[in-house]
Amino acid sequence: MLFHYHIWTPHLEETEAWYTARGFHVSQRIGKKDGEFSSFNPPLSWDDFRADQILFRIIEMKRGAVNVTIGFGKTVRFDHIGFLIQPGDVQTILDRAETLSFTVQANERRTFLQTPYGLRIELQVHEDAIADTDGTTLERLILTTPREGLEADLAKLFDRPISQIQTVRGEKTVLQEAVFSDVSLVGTDPNGVQLVCS
């Protein structure tokens, strides 16, 4: 199940506020302050730490079966997409990733696959990665990529077509459009990602 996308952005506070206004809630904020990583989770708000010049590595926001994360970057850059999979499928998918020459970065919480398409793929097995079952789902992502073949490689990786990912050719990898099941999410976020309803 497609459940997640991550963007690096200089527009952290604005992006968080934009998604919050559309029913997402912040589940965690991890940032570096005075050289040390710390949590700045709710109930803390931006008024509590805005002046502290925190370098946020991740701000995780959830709504239904959708998880959107952002982190600080000097420019807007798409990082990865996440799939919620069954624990018993992990090794088989990793074996397929090896045949595709994807680099594997694994830890106890999640696994990332580095692809040649300018993005990573997150494999997540923990159900708590999604918030609840309010019916909100991420139906499709449309990406611009400079290289063809992502859809074919995803089909090989998961042993079935992944119709939720569509690509068009472009100069760099960019998340253009996210298609959701809920009309209340329609709009363009501060990073230029267009959210539409299926």
Nearest non-hydrogen partners of I70 and L12, listed with the distance | CD1-O, 3.7 Å
Interatomic distance, CG@D159 vs CG@L154, rounded to 0.5 Å, equals 12.5 Å
V183 side chain near F180 side chain, heavy-atom distance below 4.5 Å | no
Between W18 and D189, is any side-chain donor less than 3.5 angstrom from a side-chain acceptor?
-> no
Measure the spacing between OG1 of T103 and CD of E98 and express it to the nearest 0.5 Å.
-> 10.5 Å
Between F56 and E16, is any pair of side-chain heavy atoms under 4.5 Å apart?
-> no
For residues M1 and F83, determine if any side-chain heavy atom of one lies less than 4.5 Å from a side-chain heavy atom of the other.
-> no
Sorted by chain and residue number, the side chain to side chain contact (heavy atoms under 4.5 Å, CB included) partners of S45 (sequence neighbours excluded) come out as D47, D48
Given the rule that I, L, V, M, F, W and Y join up when any side-chain heavy atoms are under 4.5 Å apart, are I58 and W46 in one cluster?
-> no
Student check: side-chain heavy atoms of M61 and H25 closer than 4.5 Å = no
Going through the checks in order, is the side chain to side chain contact (heavy atoms under 4.5 Å, CB included) test met by I7 and V193?
-> CA-CA 10 Å; I7 296 172; V193 179; 3.6 Å; yes
Is there a side-chain contact between T111 and E122 (heavy atoms, below 4.5 Å)?
-> no
Under 6.0 Å from the six-membered ring centre of F40 and within 45° of its axis: does the NZ or CZ of R29 meet both?
-> no
How many angstroms lie between CD1 in I121 and CD1 in I93, if you round to the nearest 0.5 Å?
-> 10.0 Å
For I30 and S39, which heavy atoms make the closest approach, and how far apart are they?
-> CD1-OG, 3.4 Å
Ring geometry between Y19 and F24 (parallel below 30°, tilted from 30 to 60°, perpendicular above 60°) | perpendicular
For Q86 and G88, indicate whether the former's side chain and the latter's backbone hold a donor-acceptor pair under 3.5 Å.
-> no
Check whether the side chains of H6 and D79 place a donor and an acceptor atom closer than 3.5 Å, and report yes or no.
-> no
Dump the intermediate steps for side chain to side chain contact (heavy atoms under 4.5 Å, CB included) on I85 and L123, then the final yes or no.
-> CA-CA 7 Å; I85 61 172; L123 303 177; 3.9 Å; yes
Going hydrophobic residue to hydrophobic residue with side-chain gaps under 4.5 angstrom, can you get from L44 over to F37?
-> no
Closest heavy-atom contact between Q194 and T188?
-> CG-OG1, 3.8 Å
Considering only heavy atoms from C-beta outward, does the side chain of K74 approach that of P10 to under 4.5 Å?
-> no
L185 and V66: CA distance, side-chain angles, deciding distance, side chain to side chain contact (heavy atoms under 4.5 Å, CB included) verdict = CA-CA 12 Å; L185 295 172; V66 184; over 6 Å; no
Would you check if there is a donor-acceptor pair between the side chains of D153 and T115 at a distance under 3.5 Å?
-> no
In the single-linkage hydrophobic clustering (I, L, V, M, F, W, Y; side-chain heavy atoms under 4.5 Å), do V179 and V68 co-cluster?
-> no
Under 3.5 Å, sequence neighbours excluded: what are the donor-acceptor pairs made by side chains of residues 167-176?
from	atom 1	to	atom 2	distance (Å)
T167	OG1	E151	OE1	2.8
T167	OG1	E151	OE2	3.0
R169	NE	P146	O	3.2
R169	NH1	E148	OE2	3.3
R169	NH2	P146	O	3.1
T173	OG1	Y117	O	2.5
Q176	NE2	T144	OG1	2.9

Could you tell me whether the side chain of K33 reaches within less than 4.5 Å of the side chain of I54, counting heavy atoms only?
-> yes
Pairing of D52 and R50 as salt bridge, 4.0 angstrom limit = no
Going from CZ on F72 to NZ on K32, what distance comes out if it is rounded to the nearest 0.5 angstrom?
-> 13.0 Å
May I ask you to say whether D182 pairs ionically with R63, meaning some side-chain N is under 4.0 Å from a carboxylate O?
-> yes
Will you find, in the side chains of S27 and E60, an N or O donor that is under 3.5 Å from an N or O acceptor?
-> yes
Say you draw a straight line from CD1 of I165 to CD1 of I142; how long is it, rounded to the nearest 0.5 Å?
-> 10.0 Å
Verify side chain to side chain contact (heavy atoms under 4.5 Å, CB included) between Q91 and D95, making sure each step is shown before the conclusion.
-> CA-CA 6 Å; Q91 191 56 54; D95 291 344; 2.9 Å; yes
In chain order, what residues pass the salt bridge (Lys or Arg N to Asp or Glu O under 4.0 Å) check against R160, with sequence neighbours excluded?
-> none
Path from I59 to W8 over hydrophobic side-chain contacts below 4.5 Å = no
Return the minimal non-hydrogen interatomic distance between K156 and L100, and the atom names on each side.
-> CD-CD2, 3.8 Å
Please tell me if the side chains of V26 and N41 come closer than 4.5 Å, counting only heavy atoms from C-beta onward.
-> no
Rounded distance [0.5 Å steps], NE2 in H4 versus OG1 in T69 | 3.5 Å
All heavy atoms of L138 vs all of Y5, minimum pair found to be CD2-CD2, 3.9 Å
In terms of hydrophobic clusters joined by side-chain contacts under 4.5 Å, are L2 and V90 together?
-> yes
Look at the side chain of S181 and the backbone N and O of T137, then say whether any donor-acceptor pair between them is shorter than 3.5 Å.
-> yes
Aromatic contact, F102 with F112 (centres under 6.0 Å) | no
